Amino acid sequence: MKKVLITGANKSIGFEAARQLLQKGYYVYLGSRDAQKGQQAVDQLISEGFDNVEVITIDVDNLESIKAAREDLGRKTDVLDVLINNAGISGGFPQTALDTDISVFRNVFETNLFGVIETTQAFIDLLKTAPDPRIVNVTSGLGSLTLHTDPNWKYYHAKGACYVSSKAALNAYTIILAYDLRDTPFKVNAVDPGYTATDFNHHSGPGTVPDAAARLVKAATLDADGPTGQFFSDDNAPDTGISPW
Ligand code: NAP
């Protein structure tokens with residue numbers, strides 16, 4: 001049975017990805033920064049008939065929490081097949097290049113970039129023991145620098161300075177992580193779940209949580225012929241599914 005850790009999985013897209021991977025027969029370590037919220041999410045999944053799920057407390061803003069989560073997981077398993085770096089924050093909108101306080105930039109980068117790096121580095125040894133490891137970095141279509149320079153793009157004016165730059169930086173990290181893991185069985189990809197109705201955006205997105213989660217699950221379950229080092233976005237590229245960086 002393959003094992004997956006999903007950060008920020010106590011609700012919304014991460015929670016639904018947990019449910020869909022359970023349906024596919026995965027063992028799910030459901031990451032939550034709040035142990036109680038995580039347990040409630042696990043209880044919900046158990047009430048739906050799933051057995052192979054348990055909570056891992058992990059706050060990606062806190063290196064001690066990440067290390068504790070790694071120790072906790074290490075007591076439960078020697079192998080981790082999939083890591084989904086899903087936890088993310090917007091920092092609140094509007095955000096402008098000149099007027100937004102640097103503390104907001106730092107907070108958003110802490111979760112969306114540094115948290116992903118620290119989590120990936122902490123769990124990479126467990127992932128390396130899997131035969132076909134997969135890393136999914138949950139980015140945003142708004143992380144595309146190419147599209148942000150196209151005035152005809154539908155989200156051209158969605159220029160949240162902190163969020164956009166954090167996800168663009170996450171995309172760059174994803175490219176380099178995939179490069180560093182080339183010539184291995186790893187598949188490392190950035191996935192845009194699409195503009196989706198969740199707490200993240202006060203439920204303004206047109207997309208559904210199941211559709212968004214399915215995009216993460218697709219990248220988490222790629223077979224050996226699947227791509228690595230790609231930026232998947234059905235929103236930005238309905239025909240190919242591959243977004244420009
Ligand atoms: P959400 O409803 O706000 O849920 C975010 C999840 O991340 C929650 O479980 C939250 O935990 C967790 N989280 C936040 N900071 C954390 C931290 N420091 N450590 C651990 N967990 C943390 O957001 P969502 O819509 O499901 O978004 C999931 C991912 O998709 C994010 O990376 C987001 O940037 C990306 N995304 C979303 C959209 C969209 O339209 N929704 C579009 C593009 C990309 P708490 O419950 O404790 O707050």
Side-chain angles (χ1 to χ4, degrees), residues 6-8 13-14 17 60-61 82-91 93 95 97 100 104-124 127 133-151 153-182 184 186-196 198 200-201 205 207 212-220 222 226-245:
I6 310 169
T7 63
I13 297 170
V60 304
D61 289 356
V82 182
L83 171 63
I84 303 182
N85 286 307
N86 168 72
I89 59 169
S90 71
F93 296 109
Q95 300 165 356
T100 299
V104 183
F105 281 87
R106 288 191 202 285
N107 288 343
V108 172
F109 269 74
E110 190 62 51
T111 307
N112 295 0
L113 179 66
F114 302 130
V116 172
I117 297 170
E118 286 178 329
T119 302
T120 304
Q121 291 181 347
F123 287 93
I124 197 72
L127 288 159
R134 306 287 177 254
I135 298 175
V136 179
N137 288 339
V138 183
T139 183
S140 166
L142 299 180
S144 170
L145 296 178
T146 304
L147 294 173
H148 269 294
T149 59
D150 175 2
W153 182 40
K154 62 180 173 177
Y155 299 126
Y156 179 67
H157 294 290
K159 296 238 180 325
C162 314
Y163 185 67
V164 166
S165 51
S166 75
K167 292 294 191 182
L170 175 63
N171 285 353
Y173 178 71
T174 305
I175 289 174
I176 293 162
L177 181 63
Y179 173 82
D180 285 354
L181 292 169
R182 71 196 185 285
T184 77
F186 271 84
K187 306 287 181 194
V188 180
N189 292 291
V191 179
D192 166 27
Y195 187 19
T196 305
T198 69
F200 188 88
N201 48 36
R215 294 176 178 130
L216 275 51
V217 168
K218 189 175 172 190
L222 285 172
T228 191
Q230 288 288 355
F231 178 5
F232 297 117
S233 175
D234 289 344
D235 233 4
N236 282 341
D239 294 337
T240 62
I242 306 281
S243 174
W245 293 102

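In this text, all values refer to a predicted model and were calculated from it rather than measured experimentally.
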Sequence neighbours left out, cut at 3.5 Å: what donor-acceptor pairs do the side chains of residues 141-149 make with other protein atoms?
residue: Ser144; atom: OG; partner: Leu147; partner atom: N; Å: 3.1
residue: Ser144; atom: OG; partner: Pro244; partner atom: O; Å: 3.0
residue: Thr146; atom: OG1; partner: Trp245; partner atom: O; Å: 2.4
residue: His148; atom: ND1; partner: Lys159; partner atom: NZ; Å: 3.0
residue: His148; atom: NE2; partner: Leu142; partner atom: O; Å: 2.8
residue: Thr149; atom: OG1; partner: Thr146; partner atom: O; Å: 2.6

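Remark: Asp150 engages Asn152, Trp153 in a side-chain contact (heavy atoms from CB on, under 4.5 Å) (not counting sequence neighbours). The side chain to side chain donor-acceptor pair (under 3.5 Å) check on Thr174 picks up Asn137, with sequence neighbours excluded. Here Gln95 pairs with Phe93, Thr100, Ala161, Cys162, Tyr163 under the side-chain contact (heavy atoms from CB on, under 4.5 Å) rule; sequence neighbours left out. Residues passing the side chain to side chain donor-acceptor pair (under 3.5 Å) test with Asn189: none are found, sequence neighbours excluded. Applying the ring pair (Phe, Tyr, Trp, His ring centres under 6.0 Å) test to Phe186 and every residue at least two apart in sequence or in another chain returns nothing. When the side chain to side chain donor-acceptor pair (under 3.5 Å) test is applied to Thr120, the partners found at least two apart in sequence or on another chain are Asn85. For Tyr155, the side chain to side chain donor-acceptor pair (under 3.5 Å) partners two or more places apart in sequence, or in a different chain, are Asp235. Taking Ala214 as the reference, Gln20 meet the side-chain contact (heavy atoms from CB on, under 4.5 Å) condition, with sequence neighbours excluded. By the salt bridge (Lys or Arg N to Asp or Glu O under 4.0 Å) test, Arg134 is found to be paired with no residue, residues two or more places apart in sequence or in another chain being considered. Under the ring pair (Phe, Tyr, Trp, His ring centres under 6.0 Å) criterion, Phe232 pairs with no residue at all, not counting sequence neighbours.
By the 6.0 Å and 45° rule, Arg106 does not stack over the aromatic ring of Phe109.
Two residues are said to be in side-chain contact when any heavy atoms from C-beta on lie closer than 4.5 Å; Ile135 and Ile124 meet this criterion. In this structure, the side chains of Pro193 and Val138 come closer than 4.5 Å at one or more pairs of heavy atoms.
To the nearest 0.5 Å, atom CD1 of residue Ile176 and atom CG of residue Leu181 are 12.0 Å apart. Distance check: Glu110 CD to Glu118 CD gives 6.5 Å after rounding to the nearest 0.5 Å. To the nearest 0.5 Å, atoms CG (Asn86) and OG1 (Thr139) are separated by 11.5 Å. The line from CD1 of Ile13 to OG1 of Thr196 is 4.5 Å long, rounded to the nearest 0.5 Å. Here the straight-line distance linking atom CG of Asn107 with atom CG of Asp61 works out to 7.5 Å at 0.5 Å rounding. Rounding to the nearest 0.5 Å places OG of Ser166 at 9.5 Å from CG of Asn171.
Within the structure, salt bridge (Lys or Arg N to Asp or Glu O under 4.0 Å) contacts touching residues 160-176 (residues at least two apart or in different chains) do not occur.
The closest donor-acceptor contact from the side chain of Lys187 to the backbone of Gly226 lies under 3.5 Å. Checking side-chain atoms of Thr228 against main-chain N and O of Ala178 turns up no donor-acceptor pair under 3.5 Å.
Across every non-hydrogen atom of Ile89 and Phe200, the tightest pair is C-CE1, 3.6 Å. When all heavy atoms are compared, the tightest approach of Ala220 to Ile84 is CB-CD1, 4.0 Å. The minimum heavy-atom distance between Asp192 and Gly194, with the atom names listed, is OD1-N, 2.8 Å. For Val104 against Gly91, the heavy-atom pair with the smallest separation is CG1-O, 3.7 Å.
Each of Asn112, Val116, Ile117, Thr119 was scored for a side-chain contact (heavy atoms from CB on, under 4.5 Å) with Val60, with one residue passing: Thr119.
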